[in-house]
Visitor: 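The structure's right below; bear with me while I get my questions together.
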Amino acid sequence: MIAITSCKTEVKERDGKLKIVTTTTMITDMVKNIGGDKVNVKGLMGSGVDPHLYKASEGDVSKLFNADVIIYSGLHLEGKLEDIFEKMRTQQKKTIAVSDAIDKSGLIGSEYFASSYDPHIWFHIGYWKQATQFVVSELKKLDPENADSFEINGQAYIAKLDALAKEIHAIIETLPVEKRILVTAHDAFNYFGKLHNFEVVGLQGLSTATEAGVQDVQKLANFIIEKNIKAIFVESSVPKRTIEALQAAVKSKDHEVAIGGTLYSDALGDAGTVEGTYIGMYKYNVQTIVNALK
Ligand SMILES: [Zn+2]
């Protein structure tokens, strides 16, 4: 339970800008691209932070209470913040789940989440464009004075996402389809797989809240040997010991599998770096995957 103490630490900006609190780094990046200097964006999670396990600090709770609007991913990605979002709504606080932009028929089902869907939608660039459009229209409603600015910025960002999709497609085309098997720490890449025709296997399942068992590791080690997979991948927001255990299991069966690098799955890279943006993260991931599996 989180004790909610209102207003005590209120830090209301006097600049008249819409105060937005975002959750994951992917959303923070998107909202900053749309809002530009017309809004005040505070992201709760930094690089390397796992949204599945993230709990709100006292400071976060006061940020959330002082926000004009809260923008989050949804589909139970931020599983431990759901109760707070609910509380915010009962207090008439505006909350926006970007996953509401995606038609349910396009979502991948999952028994692991209370939402019944895989929440890692940002890896589908088309869905991320829809999410961007959705946030643009919501911000226009909340701050009509700056509607033109949100629209122009949003369309410019969508154009960049279109260019990203083309660039990524060309890189992935260089990897033969039979080599498109992506083994990572947890199942964050199902939408990526759907979009780019990869078979995707996560050691820990869809949420990092469940640990991989010894049997899972042995089973996946056999799969890697059988399919002659060259490399497996660590994720920046998941401890690397699980993937190292998998590599060791393959080795114990007299085979070698490389660790192909660290992918950004549920969090972007450090702020101020190329990988600290959604577009930079996506390119980095694809280059890392293609180079290691070729
Ligand atoms: Zn995840």
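One-based numbering, in listed order, for ligands and for the atoms of each. Predicted model only: the values in this text are computed from it and were never measured.
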Visitor: Are His169 and His196 close enough that their ring centres sit under 6.0 Å apart?
Guide: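 Not close enough - the centres of the two rings lie 6.0 Å or further apart.
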Visitor: Can you list everything that forms a side chain to side chain contact (heavy atoms under 4.5 Å, CB included) with Ala97? Sequence neighbours excluded, please.
Guide: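 Tyr72, Ser99, Asp100.
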Visitor: Angle at the Zn ion (ligand 1): provide the value between NE2 of His52 and OD2 of Asp266, rounding to 10 degrees.
Guide: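 The two atoms form an angle at the metal of about 90°.
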Visitor: How large, to 10°, is the angle at the Zn ion (ligand 1) when you draw lines to NE2 on His186 and to NE2 on His120?
Guide: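 Computed angle, vertex at the Zn ion (ligand 1), rounded to 10 degrees: 110°.
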Visitor: I want to know whether Trp122 and Tyr278 have ring centres closer than 6.0 Å.
Guide: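 Centroid separation for Trp122 and Tyr278: 6.0 Å or greater.
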Visitor: Quick check: does Asp50 have an N/O/S atom under 2.8 Å of the Zn ion (ligand 1)?
Guide: no
Visitor: Decide if atom NZ of Lys194 counts as having more than 12 heavy atoms of other residues, nucleotides or ligands within a radius under 6.0 Å.
Guide: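 Atom NZ in Lys194 is crowded, with more than 12 foreign heavy atoms closer than 6.0 Å.
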